[in-house]
Amino acid sequence: MDALYKPEGVEERWQRTWEEEGLYDADPDPSRRSFAIAHPPPNVTGDLHLGHALQLSLADTIVRTRRMQGYNVLFQPGFDHAGISTQNAVEKHLATEGKTRQDLGREAFEQRVWEWLREYGGKIMFQFRRVGASLDYRRERFTMDDGYVRAVMRFFVHLYDKGWIYRANRIINWCPFHLTSLSDLELQHVDVDDMLAYVRYPLADGDGEITIATVRPATILADVAVAVHPGDERYEDLVGREVVVPVVERRVPVIADDRVEREFGTGALKVTPGHDPLDYEIGRDHGLPELSVIGADGRMNAEAGPGFEGLTQQEADERVLAWLQERGQLEKREQYRHTVAVCDRCKSRIEPRISLQWWCAMDELKRPALEALRSGRVRYHPESQHRFAIQSLEDAPDWNISRQIWWGHQLPVWECPDGHITVAETEPEACADCGSKELTRSTDVLDTWFSSALWPFATLGWPDDTPDLLQFYPGDLNTTARDIIRLWENRMIFSGLELMGDVPFTDIVIHSTVHAPAGGRMSKSLGTGMNPLAVIDAYGADAMRYGLMKMASSQDVRFSEGAIDEGRKLANKLWNVARLIILASDGAKPDPRPRTLEEHWILARLAQTQRRIERHLAEFDFSHLVDELYHLTFDDFCDWYAEAIKARLYDGDAGARATATAALERLLTLLHPAMPHVTEEIWSNLPDRERRLIVTPWPEAGDDSQAGALARVQEAAEMYRRSGVRIPLEGEERRIFDAVVRPREDGDGDAAAEVERLRNEIARAEGMLANDRFVQNAPAHVVDAEREKLARYQRELDALTD
RNA sequence: GGGCGGUUAGCUCAGUUGGGAGAGCACCAGCUCGACAAGCUGGGGGUCACUGGUUCGAGCCCAGUACCGCCCACCA
């Protein structure tokens, strides 16, 4: 055993060993209680980031504890095909070859994606293993596996048969680059500088005009009304009359709607239902026509009229502005900064567009899910996220589930030449309505989250009745990031309830977001991203796990290299104290029976700390968990206990050696879930190992009946630290104390200050106890504590002034 | 414009029903090299963002203000 613990090599050796020995395996076994954790399958679009590493560390710490506690643990690995993200990544890659997906064609493009997946999938599983995540790697699943596809198709047909999936022509978010609709959750909002144009619309009867403001003059061609606020006296007389839309010279009504903001611009809004979500809603409510002048490619279409068709929007804007300028209908233009929606992936500006899409109605699906959340059957941690999750689910609108991209689950929808729709899990032979054999399958694919929603049970073989499902569903835990609550968590809950009749898990841990050291999001493009493998190479996986958990204390945390280094030091300290005990104990058999005071003390301390560890785990408080481990190891085990017994170990004291070995075993057990590799490595160096640490039973709940000795010595040390006063200890207590706390050389200089301090404290305590309002109002234990302090200070003062 | 979180030592952060301000790192001093590329012991260092309020007593509870961050949002 070297004096410096070197994780490289050691960690990978154990990762291989655990996996090869089948210690990660989860197999159905009705005789054992199961524990299943649904871990987010990462997108195969590149490398893992520190957020993934944190997520894995938290989950694996729980998983390893549960495994030691005797549960039949399922920690399911896999990937998400991540529709648009993956397609975008592959397209970017193609662009480096000067190609587009259209150059390849759909089939060849899909082939390229599969190749991409094979390459990156392997890389990502390698990263999972390097973190030490004890997933059952045999069970790796992918959301486009054959069996998984069947589950997705079944889900679609199920919802369609219930009437909850339907097709409708509505305004949607259109990405002009990917040429697909997007859900609201797949957008980003960015600030842009635009020009706001003030345009005069003359009244049809020639008597006056209304000025509106717009940033998109080209959409004037699709205007169908002008709206004002109902209470706006400026326009009161105009409501119900008609104005003439510039360029197209169409007569449209002036309507009143309270969704118009009086304060914005001129307080009058041009209504363009075909190209704006708000206008769309106003248009629907007022029965207005829906005109589209912009096509799928983002250019002006035939409806825009001669002279406009084929122009870019910018060209059309200019042409409209020129027209207005000529006729004096352009009042002014001004600089205007506002936010616009862009595609989350390619950052293209979103084009609101009316389009025929497939939708999933949410009303029926979300009802039981909300009930599960409100009743606490499913609980988010922390509590604030629970409220947020409920709120988001309540507000969830119908879900646009169809996408026009190429990579994903193709909709199980067939259409005959007469336009009848047939929905079936597998290709139907004939149209369900007219019997036509000429069926063409929809080229749309499903929103990637539609399939992700099935992860907890589709990975276990649903829709078949499998032993895995019986054993591992419903599961227990899910750990995930905050931004995915609406996309994934809530959808897993409602699909689980709908298809399996129960929730997929009962606890959801929303972990911290790790930011760059300088603050702000970690991002590859900003150069603030960090690769977990680089951290592992520099510090070791155990150190990284420790450090990430230590950081994960609040909603957003900054990455701190110091926390990782703390983990490295802990591993090294543990390694060295083990080295002391193992080398000095000469293969002594472990014997947990304490004889001396320090042995009572350390065993009591281990038991005491174990209960705190268990509490932190139950509360998913990982930061305090690892803090507890650090102080247990450093302060208690090494600085006190090991220092106290060191001499006797070298002297060949058999009892000290046996107990030290037993105490070390216990310490390793408690540390293993958080820092699996170094603990297993040390464990393997202990004499007579019958089994790996990873499958060693978690100790029984602690017994701290020896806490008396602990309390006495601790109190003595505490008082010594505070005051430098010599504590009257006898026998063993005195000996331990002297062994680990060196008395000060002189006492005289400090004694005067100490007397002064004690007198002040006594005065303060007496003052409080003399205050009737304190004695009457403060809780009894607080008053008692104050009395005890007073008595103690007086004893100390007496001892000092003797 | 909403929602959530944050503001405590030079840095990163704890602080569990309100009851004598803490850890790790960094810094200083002493000790010790027979587990520890180090360790041990001790020490210096803080108007707990600000303002008001409740209370015998507030880092903690209430109201407000200022910054910072994240998420959300149809002001054309």
Side-chain angles (χ1 to χ4, degrees), chain A residues 1-5 171 184-185 187 189 196 212-216 219 227 259-272 276-282 336 338-339 341 352 382 384-385 387-388 391-392 395 482-483 485-486 512-513 515 517 519-521 550-551 553-563 565-566 569-570 572-584 615 619 621 623-624 627 630-631 634-635 638-639 642-643 646-647 649-650 720-721 724 740-745 761 764-765 767-768 771-779 781-783 785-786 789:
Chain A
M1 293 178 84
D2 287 341
L4 177 67
Y5 173 64
I171 198 153
D184 293 346
L185 304 179
L187 309 182
H189 293 84
L196 189 61
I212 58 87
T214 180
V215 291
R216 301 181 65 193
T219 63
R259 282 166 286 195
V260 178
E261 298 287 336
R262 290 184 234 210
E263 291 74 26
F264 185 86
T266 61
L269 168 72
K270 73 190 226 11
V271 181
T272 320
D276 183 275
L278 173 63
D279 296 12
Y280 175 80
E281 284 185 22
I282 292 176
Y336 178 58
H338 65 143
T339 58
S384 57
Q385 301 302 332
R387 292 193 301 272
F388 170 74
Q391 186 71 51
S392 336
D395 296 344
R482 194 163 63 250
D483 57 1
I485 290 174
R486 301 185 307 163
S512 313
T513 304
H515 290 175
R521 270 189 94 79
K550 182 72 185 283
M551 285 175 232
S553 55
S554 58
Q555 187 171 282
D556 301 303
V557 293
R558 289 188 183 188
F559 181 79
S560 144
E561 199 146 349
D565 197 51
E566 199 175 305
K569 283 182 63 178
L570 177 57
N572 189 53
K573 189 73 173 174
L574 191 64
W575 174 258
N576 275 293
V577 79
R579 194 160 157 263
L580 164 73
I581 291 170
I582 292 169
L583 294 181
R615 199 178 64 235
E619 292 168 358
D621 182 352
S623 183
H624 285 108
D627 192 59
Y630 184 91
H631 290 290
F634 261 86
D635 301 351
C638 295
D639 295 352
E643 291 295 338
K646 194 192 265 182
L649 288 182
Y650 283 127
Y720 178 83
R721 284 198 188 96
V740 292
V741 184
R742 288 184 189 77
R744 261 184 205 168
E745 305 280 315
E761 295 294 357
R764 187 192 60 81
M768 280 180 79
N771 182 338
D772 286 345
R773 302 180 73 170
F774 168 70
V775 176
Q776 282 158 21
N777 298 329
H781 72 271
V782 172
V783 178
E786 209 55 48
K789 282 183 206 164

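Chain letters run A, B, ... following the sequence lines, proteins first, then strands; residues in each count from 1.
- With C1' as the reference atom, B:C72 and B:C60 are 30 Å apart, rounded to whole Å.
- A salt bridge links A:Asp556 and A:Arg482; the closest N-O separation between the charged side-chain nitrogens and carboxylate oxygens is under 4.0 Å.
- Put simply, A:Lys550 has no side-chain N or O that comes within less than 4.0 Å of OP1 or OP2 on B:A23.
- Ranked by how close their nearest RNA chain B nucleotide is to the 5' end, A:Leu196 and A:Ser560 are led by A:Ser560.
- Taking atom C1' in both B:G44 and B:A58, the straight-line distance is 28 Å, to the nearest Å.
- Among the atoms of the strands shown, base atoms are found under 4.0 Å from some heavy atom of A:Lys646.
- Residue contacts shown for A:Ala3 are limited to sugar-phosphate atoms, with no base heavy atom under 4.0 Å away.
- Looking at heavy-atom distances under 4.0 Å, A:Arg482 makes contact with sugar-phosphate atoms alone, never a base.
- Rounded to whole angstrom, the span from the CG atom of A:Leu570 across to the P atom of B:A38 amounts to 14 Å.
- Closest to the side chain of A:Arg486, from the set B:A37, B:A73, B:C36, is B:A73.
- When the P atom is used for both B:A29 and B:G15, the distance is 34 Å, rounded to whole Å.
- Contacts of A:Asp483 with the nucleic acid, taken as non-hydrogen atoms under 4.0 Å apart, are absent.
- Taking atom CD1 on A:Ile581 and atom P on B:C36, their separation rounds to 14 Å, with Å as the unit.
- When all heavy atoms of A:Arg558 and A:Pro517 are compared, the closest pair comes out as CD-O, 3.5 Å.
- Protein atom CG of A:Asp565 is 16 Å distant from nucleotide atom C1' of B:C13, rounded to whole Å.
- In this structure, CD1 in A:Ile212 is found 7.0 Å from OG1 in A:Thr266, a value given to the nearest 0.5 Å.
- Nucleic acid contact class of A:Tyr630 (heavy atoms, under 4.0 Å, all strands): sugar-phosphate only.
- Comment: A:Lys569 does not engage A:Glu566 in a salt bridge, judged by the lack of any side-chain N to carboxylate O separation of less than 4.0 angstrom.
- Side-chain atoms of A:Ser623 never come within 3.5 Å of backbone atoms of A:Met551 as a donor-acceptor pair (strictly under, hydrogens ignored).
- Rounded to a whole Å, the CD atom of A:Glu643 is 13 Å from the P atom of B:C33.
- Taking every side-chain heavy atom of A:Arg558 into account, B:C13 is the closest of B:C74, B:C13, B:C40.
- Of the residues A:Trp575, A:Tyr630, A:Tyr5, the one that meets the side chain to side chain contact (heavy atoms under 4.5 Å, CB included) test with A:Leu570 is A:Tyr630.
- At a threshold of 4.0 angstrom between heavy atoms, the contacts of A:Val271 with the nucleic acid are absent.
- Contact between the side-chain N/O atoms of A:Lys573 and the OP1/OP2 oxygens of B:C40 is found at a separation under 4.0 Å.
- A:Ser554 comes within contact range of the sugar-phosphate backbone alone, with a heavy-atom separation under 4.0 Å but no base atom that close.
- When the C1' atom is compared between B:C75 and B:U7, the two are found 32 Å apart, to the nearest whole Å.
- Between A:Asp279 and A:Pro277 there is no side-chain heavy-atom pair separated by less than 4.5 Å.
- When the P atom is compared between B:A49 and B:A21, the two are found 15 Å apart, to the nearest whole Å.
- Between B:U17 and B:C61, the two P atoms lie 9 Å apart (nearest whole Å).
- Each of A:Ser623 and A:Asp184 has a nearest nucleotide on RNA chain B; the 5'-most of these lies closest to A:Ser623.
- Nucleic acid contact for A:Arg615: none, since no nucleic acid atom lies under 4.0 Å from a heavy atom of the residue.
- Looking at A:Arg486 and A:Gln391, their side chains never come closer than 4.5 Å, going by heavy atoms from C-beta outward.
- Paired regions of RNA chain B, where each region holds three or more successive Watson-Crick or G-U pairs whose two hydrogen-bonding distances fall under 3.5 Å, are B:1-7 with B:66-72, B:10-13 with B:22-25, B:27-31 with B:39-43, B:49-53 with B:61-65.
- When rounded to the nearest whole Å, the span between CZ of A:Arg259 and P of B:G1 equals 23 Å.
- Classified by its glycosidic torsion, B:A21 falls in the anti category, the angle being over 90° from 0.
- The distance between atom CG of A:Asn576 and atom P of B:C36, rounded to the nearest whole Å, is 6 Å.
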>> The test is side-chain hydrogen bond (donor to acceptor under 3.5 Å, both in side chains); show your working for A:Lys550 and A:Ser560 and say whether it passes.
In response: CA-CA 10 Å; A:Lys550 182 72 185 283; A:Ser560 144; over 6 Å; no

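- Residue A:Glu261 is in base contact, counting any heavy-atom pair closer than 4.0 Å across all strands shown.
- B:G19 sits 39 Å from B:A38 when the P atoms are compared, rounded to a whole Å.
- Rounded to the nearest Å, the gap between the C1' atom of B:C74 and that of B:G18 is 46 Å.
- Atom CG in A:Leu580 sits roughly 16 Å away from atom P in B:C33 (whole-Å rounding).
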